[in-house]
Amino acid sequence: MLAGKHILLGITGSIAAYKAAALARLLVKAGAQVKVLMTPMAKRFITPLTMATLTRNPILVDFFDPENGAWNSHVSLGCWADLYLIAPASANTLAKMATGVADNLLLTTYLSARCPVMAAPAMDLDMYMHDAVRSNLDTLGKRGVILLEPASGELASGLSGKGRMMEPEDIMDRVVSFFAAKGSLSSRKILITSGPTKEAIDPVRFISNHSSGRMGAAIADELASRGADVTVVSGPSPVRPSSEAVKVVDVVSAAQMYEAFMSLYSSGDFDAAVFCAAVADYSPSEASPVKLKKEDSSLVLKLSPTKDIAFEAGKRKRSGCVHVGFALETDGGEDSARDKMERKNLDMVVLNSLTDEGAGFGCPTNKVTFFYRNAPEEAMPLKSKQDVASDLADRIEKLILC
Ligand code: C5P
């Protein structure tokens, strides 16, 4: 049920920590890969050895491994996870999460996590009802933390009321339905072009552009997290999709990208194609087999147009397949976006303008406008590329499923 899912399980110092063992077991049994983060206090309630044995992964408590000094990177942990589940979540940790305190690995990972976060509060009934706790829970809920409401019953204090951590089986149900809801694109096949291309002038030099491949990787990860079967034809880019489920076909030139894309496209029944790559429009007509010598006179390079992948795929598009193109303009964006939609037989165009600060190549953010065939355009505010990918995935999902 959770095969291939990466789950970070955060355990805090609560008597309910013992239930985290049963929860970890259920997650692992369902096929998830589980890494456990514990606060220093949590170690007093349940041993790291128990959790390490159940999850078959070392337990992370400190910023550095006390044995060998290895750095436990909260950033890469946050990127690795598909879900960060904090169970039990003590009043102390919830307060720190609400106020951005970062004094242990569990909390720094929370602050840098890009994945959804679930928290299962566990505390005494009066603590749970205290205004301070209620306000922290309210803040976290508004920020998107999925709160798993505690049950009523007998508490460790001997009192009876609301505050018992949700039972591991019930948490498990919530995790499974969370991924099922996210898996709205399961069994859908999506092909993406991403990154720049490099056109050889000679064995040393090439023509390229500033595309980093970040937007394409973010879109691939987002679609894969919704269950889609994603293949990326990627130009030379240091940025890779982080999801292991995404298949990547590496190419260098526009011609190679065209060949790789077309061979995949014609052999598979794709539900969508996203043309995110900044493909070179021209390539040297003949690449020199040897390095060109420097001369005093000017050098004239003859360039020939490359094949337009989106245009060619648009001609072969099967009904029901959704094509999304990108347009990056310095002026006349709207006309150009609409023109591309027609010419390349696209269902949607994502326009980003180089004149908008924080948008376009290289940066972690983007500001886009979505254009549709039969609906007014939507101008979005400046967002992280992950959030733009999520907005785009919502729209692709609608186009595929409608
Ligand atoms: O016409 P222009 O290059 O501005 O169009 C951009 C859109 O077309 C992008 O979606 C881009 O990925 C795609 N494209 C392509 N093959 C090319 C050039 C652009 O797929 N050779």
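Start at 1 and go down the list; that is how both ligands and their atoms are numbered.
- The protein heavy-atom contact nearest to atom 16 (N) of ligand 1 is Ile309 N, 2.9 Å.
- Contact annotation: the side chain of Asp62 never approaches that of Asn104 to less than 4.5 Å [non-hydrogen atoms, C-beta and beyond].
- At a 4.0 Å heavy-atom cut-off, ligand 1 touches Asp281 through the side chain alone.
- Scanning all protein heavy atoms for the shortest distance to atom 7 (C) of ligand 1 gives Phe326 O, 3.0 Å.
- Nearest to atom 12 (O) of ligand 1 among the protein's heavy atoms is Ala277 O, 2.6 Å.
- Of the inter-residue distances, the one linking Leu83 atom CG with Leu8 atom CG reads 8.5 Å to the nearest 0.5 angstrom.
- Shortest contact from atom 1 (O) of ligand 1 to any protein heavy atom: Lys344 NZ, 2.9 Å.
- At least one test fails for Lys162 against the ring of Tyr128: distance under 6.0 Å to the centre or angle within 45° of the axis.
- Residues satisfying the side chain to side chain contact (heavy atoms under 4.5 Å, CB included) criterion with Ala393, sequence neighbours excluded, are Glu222, Leu223, Arg226.
- Scanning the protein heavy atoms around atom 14 (N) of ligand 1, the nearest turns out to be Asp308 OD1, 3.8 Å.
- Counting protein heavy atoms only, atom 20 (O) of ligand 1 is closest to Ala310 N, 2.9 Å.
- Judged by the shortest distance from any of its heavy atoms, Ala254 lies outside the 4.0 Å radius around the atoms of ligand 1.
- Here the side chains of Arg188 and Leu401 are in contact, with some heavy-atom distance below 4.5 Å.
- Proximity of the aromatic rings of Tyr265 and His323 is defined here by a centroid distance below 6.0 angstrom, and this criterion is met.
- Summary of contacts: the protein heavy atom closest to atom 10 (O) of ligand 1 is Phe275 O, 2.6 Å.
- Among the atoms of Lys307, some N or O lies under 3.5 angstrom from an N or O of ligand 1.
- Between the CZ atom in Arg240 and the CG atom in Asp250 there is a gap of 4.0 Å [rounded to 0.5 Å].
- Taking the ring axis of Phe311 as reference, the NZ or CZ atom of Lys344 does not stay both within 45° of it and closer than 6.0 Å to the ring centre.
- Annotation for ligand 1: atoms under 4.0 Å from non-hydrogen atoms of Gly325 are 10 (O).
- The closest protein non-hydrogen atom to atom 4 (O) of ligand 1 is Lys340 NZ, 2.5 Å.
- Set against the non-hydrogen atoms of Val279, the atoms of ligand 1 under 4.0 Å away are 15 (C), 16 (N), 17 (C), 18 (C), 21 (N).
- Inclusion of Val324 in the set of residues having an N or O under 3.5 Å from an N or O of ligand 1 is not warranted.
- Side-chain atoms of Thr306 come within 3.5 Å of backbone atoms of Ala280 as a donor-acceptor pair (strictly under, hydrogens ignored).
- Contact annotation: for Thr306 versus ligand 1, heavy atoms closer than 4.0 Å belong to the side chain alone.
- Here CZ of Arg114 is found 9.5 Å from CG of Asp221. Values are rounded to the nearest 0.5 Å.
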